[in-house]
Every structure is written in structure tokens, then in C-alpha cells.
There are 2 protein chains.
Amino acid sequence: MSYQKAEEALRKADIRITRIRREILAVLYELGHPVSHGDISSEEQLRNFDRVTLYRNLNLLLEKGLVHGVLGTDGSWRYCAHPKDVEGCPGRHPHFLCMECGRMFCLPDQAIPFVEVPSDFEVAGKQFVIYGRCAECRNKGKDTEK
Amino acid sequence: MSYQKAEEALRKADIRITRIRREILAVLYELGHPVSHGDISSEEQLRNFDRVTLYRNLNLLLEKGLVHGVLGTDGSWRYCAHPKDVEGCPGRHPHFLCMECGRMFCLPDQAIPFVEVPSDFEVAGKQFVIYGRCAECRNKGKDTEK
DNA sequence: CCATCATCTGCAACTCTGTTGCATTATGAT
DNA sequence: ATCATAATGCAACAGAGTTGCAGATGATGG
């Protein structure tokens with residue numbers, strides 16, 4: 001079950017185990033692809049927590065490296081996490097954002113390439129987002145287009 | 001002068017030539033690197049125009065392809081443009097965002113690589129942002145750190 | 001098992017970026 | 001110069017995310 005993995009991760013990161021943190025990690029572990037604050041907050045297990053508390057905990061988990069974030073071209077952040085011993089999105093690859101349904105997909109086969117920055121610049125991270133329409137939305141479009 | 005280039009570009013794109021459009025393009029042509037709505041609106045020549053009008057025109061210029069946009073990891077868009085006959089940022093390369101001063105830099109020597117997306121996905125565009133600290137901010141830091 | 005205290009949570013209010021609706025004004029085609 | 005069309009300014013709104021603070025909760029020591 002994901003709760004055990006979640007608790008384990010929290011313990012390793014040396015932060016208190018609270019219900020919301022366990023739930024966030026469990027949800028992210030189970031979904032396995034990047035989801036927005038809104039998506040997370042409408043999950044059954046998290047519906048009754050405060051928006052703000054959710055934001056604060058997502059930021060904490062980001063800082064501690066238990067979760068990684070991808071900024072969509074719609075301006076909102078998606079969060080993704082996997083238990084350490086499970087193959088999954090480590091955040092170091094491009095993501096695809098469907099501008100129609102808002103879903104984000106990992107493109108895990110391709111690494112984000114190394115990029116040369118001017119000397120003396122300090123790199124903290126990279127974001128590589130491809131945007132467009134996913135297969136599902138393109139098919140939906142075809143039905144109603146004509 | 002940039003105004004002539006600006007008018008030329010507007011004429012070619014077949015949109016009305018108004019004062020704000022001429023000024024936006026002239027400002028972007030002269031700056032030559034991506035700047036935010038806030039940066040643009042505090043430029044001398046544009047200070048007296050309405051926020052909303054500026055947003056609407058930036059969006060129009062984006063649509064018409066006279067300007068391109070880059071979303072920073074701080075969640076706000078930067079806009080960049082060059083006159084057609086001048087070597088400049090065509091938008092098809094990575095950008096560096098300094099998280100401290102908020103300035104964005106083009107990394108024009110390196111093209112954004114081709115990325116394979118799942119079949120039947122439709123690509124509309126790409127965003128590739130490297131974030132961290134620019135040389136200037138790192139130096140500033142050194143003075144006060146100890 | 002309970003007390004204690006640091007930390008976390010919920011609430012209200014706020015900021016910042018960007019958008020919409022509508023009345024007024026300017027543009028450029030005739 | 002006239003006039004329809006398009007652009008502007010204003011007010012109000014929307015959504016994402018943050019801050020401050022009072023009250024609740026979780027880990028630790030007795």
C-alpha cells in the first residue's frame with residue numbers, strides 16, 4: 001500500500017508524519033503522473049483539507065525533494081512523485097501538456113538535454129514543456145467539428 | 001529607428017497601426033531580450049496606457065507571430081521580438097531565468113531539441129526554461145553573504 | 001499515559017497575473 | 001469629412017498562490 005511508502009519517505013526526509021502529507025504522497029504515488037493543486041484537492045482523501053494547507057505541504061514536499069514540480073503553459077504547477085524503489089517520473093525529462101483537457105503527460109524516454117549557460121550562471125533546475133492536444137482530445141474534436 | 005520597423009511589421013501582419021502597438025514593438029525591438037508585462041508597462045513610452053490594453057495587444061502580437069512568449073518559472077510571461085531583418089531571438093531556443101532579479105536571458109546558440117511525443121498527439125509549441133542565478137546576482141550575493 | 005512545546009492546520013484576507021464586459025474613442029476606408 | 005469597425009479605458013472579476021494569526025495536533029520526556 002502507498003501509505004507505508006509515504007510514511008517511509010517522510011521519515012527519511014525527517015519531517016513530521018501528518019495525515020495530509022501521507023495522503024498527498026499516497027495520491028501522487030498512485031496517480032504517477034503530474035497533477036495540479038486543483039486535481040489533488042478534489043481527490044476523495046484530500047477534499048476536506050484546506051487549500052492553503054495543501055499548498056504549504058506541496059511546497060514543503062518540493063523543498064525536501066519528495067515531489068517534483070512542472071509548470072504548465074497554462075500557468076499552474078503540476079506535482080509528481082514516486083516511491084524511491086519504483087520506476088517512475090524523476091522529473092528529469094520533458095512533459096507534454098494538453099491545452100484542451102489540461103492533463104500533463106511524462107515523456108520519460110527522452111532526457112532533458114544539457115544546456116550550456118553563460119559562465120558564472122548558476123543552474124538550479126530546468127523546465128521543458130511541450131504543449132498541444134492529446135490524442136483523446138483530438139478525437140473528441142473530430143466528432144463535433146463538422 | 002525602431003518605429004519604422006514596427007510599422008512595417010504591423011502592416012505586413014495586416015493589423016491596424018495604433019500608438020500602443022508601435023510603442024510595444026519598438027520597446028521590444030530595442031530591448032532584444034524577453035521582458036514581462038510589468039517591465040514593458042513601466043517603460044517611459046508605455047507608462048500611460050491601460051494595463052488591460054497592454055495585455056490585449058501583447059496577446060494580439062503573439063497570435064500574429066510578431067512577438068513570442070516565454071513562461072518563466074515564476075509564473076509570469078515574458079515577451080520578445082526582433083525586426084524581421086535583424087538577427088535575434090526567434091523563440092526557438094532555451095531561456096535562462098534568474099530567480100533573484102527576475103531577468104530572462106536568451107540562450108540562442110542552442111536549439112530546442114526535437115522531442116518525440118506519443119502518436120496522435122499534436123504539438124503546438126515548446127517551452128524550455130533553465131532557472132537559477134545570473135552572474136550579477138551571484139556577485140551581489142558574495143558581498144553581503146558573510 | 002499524560003504534559004509540554006514546537007509544529008501544523010484552518011480561516012480570513014491579501015497579492016499578483018491575467019481576463020471579461022461594456023461604454024467611449026480613435027482608426028482608416030470611402 | 002463621414003462613418004462603420006476596431007481599439008481603448010475603466011471597473012469588475014477570476015484563478016493561483018501567499019501571509020498572519022489563533023487554535024489544534026503530533027512527537028518527545030517524564
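Below, chains carry the letters A, B, ... as their sequence lines are ordered, and counting in each starts from 1.
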Practice item. Would you state whether a donor and an acceptor, one from the side chain of R51(B) and one from the base of dT19(C), lie under 3.5 Å apart? Key: yes
Revision key, fill the gap. Residue set satisfying salt bridge (charged side-chain N to carboxylate O under 4.0 Å, His left out) with E63(B), at least two apart, ordered chain then number -> none
Check your understanding: Just how far, in rounded Å, is P of dA6(C) from CG of D14(A)?
Key -> 17 Å
Review point. Taking side chain as C-beta onward, heavy atoms only, is C134(A) less than 4.5 Å from F105(A)?
Key: yes
Review point. Nearest 0.5 Å, what's the OH-NE2 distance between Y29(A) and H82(A)?
Key: 9.5 Å
Check your understanding: Between dA6(D) atom C1' and L10(B) atom CG, what is the distance in whole Å?
Key -> 14 Å
Check your understanding: N48(B) has an atom CG; how far is it from atom C1' of dG9(D), in whole Å?
Key -> 13 Å
**Study point:** Rounded distance in Å - CZ (F49(B)) to P (dG18(C))
**Key:** 19 Å
Practice item. To the nearest 0.5 angstrom, please state how far the CG atom of D14(B) sits from the NZ atom of K64(B). Key: 7.0 Å
Practice item. Kindly calculate the angle separating the two end axes of the helix from dC1(C)-dG30(D) to dT30(C)-dA1(D), each obtained from five base pairs, and round it to 10 degrees. Key: 30°
Exercise for review: Kindly indicate whether the side chain of L97(A), heavy atoms from C-beta on, has any atom under 4.5 Å from the side chain of R78(A).
Suggested key: yes
Check your understanding: Under 3.5 Å, is there a donor-acceptor pair linking the side chains of S2(A) and E30(A)?
Key -> yes
Point to revise | Touch class at under 4.0 angstrom, heavy-atom based, for S76(B) against every strand present | key: sugar-phosphate
Check your understanding: Considering heavy-atom distances to DNA chain C, does I15(B) or W77(B) have its closest nucleotide positioned more toward the 5' end?
Key -> W77(B)
Exercise for review: Report whether M99(B) and L71(A) are members of the same hydrophobic cluster (ILVMFWY, side-chain heavy atoms less than 4.5 Å apart, transitive linking).
Suggested key: no
Check your understanding: Taking DNA chain C as the partner, which of residues 16-24 of chain B come within under 4.0 angstrom of it by heavy atom?
Key -> R16(B), I17(B)
Exercise for review: Please name all residues satisfying side-chain contact (heavy atoms from CB on, under 4.5 Å) with D50(A), sequence neighbours left out, ordered by chain then number.
Suggested key: V52(A), T53(A)
Point to revise | Beyond-backbone contact of E23(A) with E43(A), side-chain heavy atoms, under 4.5 angstrom | key: no
Review point. For the atom pair CG (N59(B)) and CH2 (W77(B)), what is the distance rounded to the nearest 0.5 Å?
Key: 9.5 Å
Review point. Would a 4.5 Å heavy-atom cut-off, applied to side chains only, mark I112(A) and F128(B) as touching?
Key: yes
Exercise for review: Ignoring the backbone of D50(B), work out which of dG9(D), dT19(D), dG10(C) is nearest its side chain.
Suggested key: dG9(D)
Review point. Is there a residue in residues 54-62 of chain B whose heavy atoms reach under 4.0 Å of DNA chain C, and which residues are they?
Key: Y55(B), R56(B), N59(B)
Review point. If you round to the nearest 0.5 Å, how far is CE of M104(B) from NE2 of H95(B)?
Key: 6.5 Å
What protein N or O atoms touch nucleotides 28-30 of chain D N or O atoms at under 3.5 angstrom, if any, and at what distances?
none

Review point. Linking I/L/V/M/F/W/Y whenever any side-chain heavy atoms sit under 4.5 Å apart, do I40(A) and L25(A) land together?
Key: yes
Review point. Counting distance only, does the side-chain N/O of R47(A) pair as donor-acceptor with the main-chain N or O of S42(A) below 3.5 Å?
Key: yes
Review point. Rounded to whole angstroms, how far apart are CG on L71(B) and P on dC16(C)?
Key: 18 Å
Point to revise | Nearest-Å distance for atom pair CD/P, residues E63(A) and dC8(C) | key: 11 Å
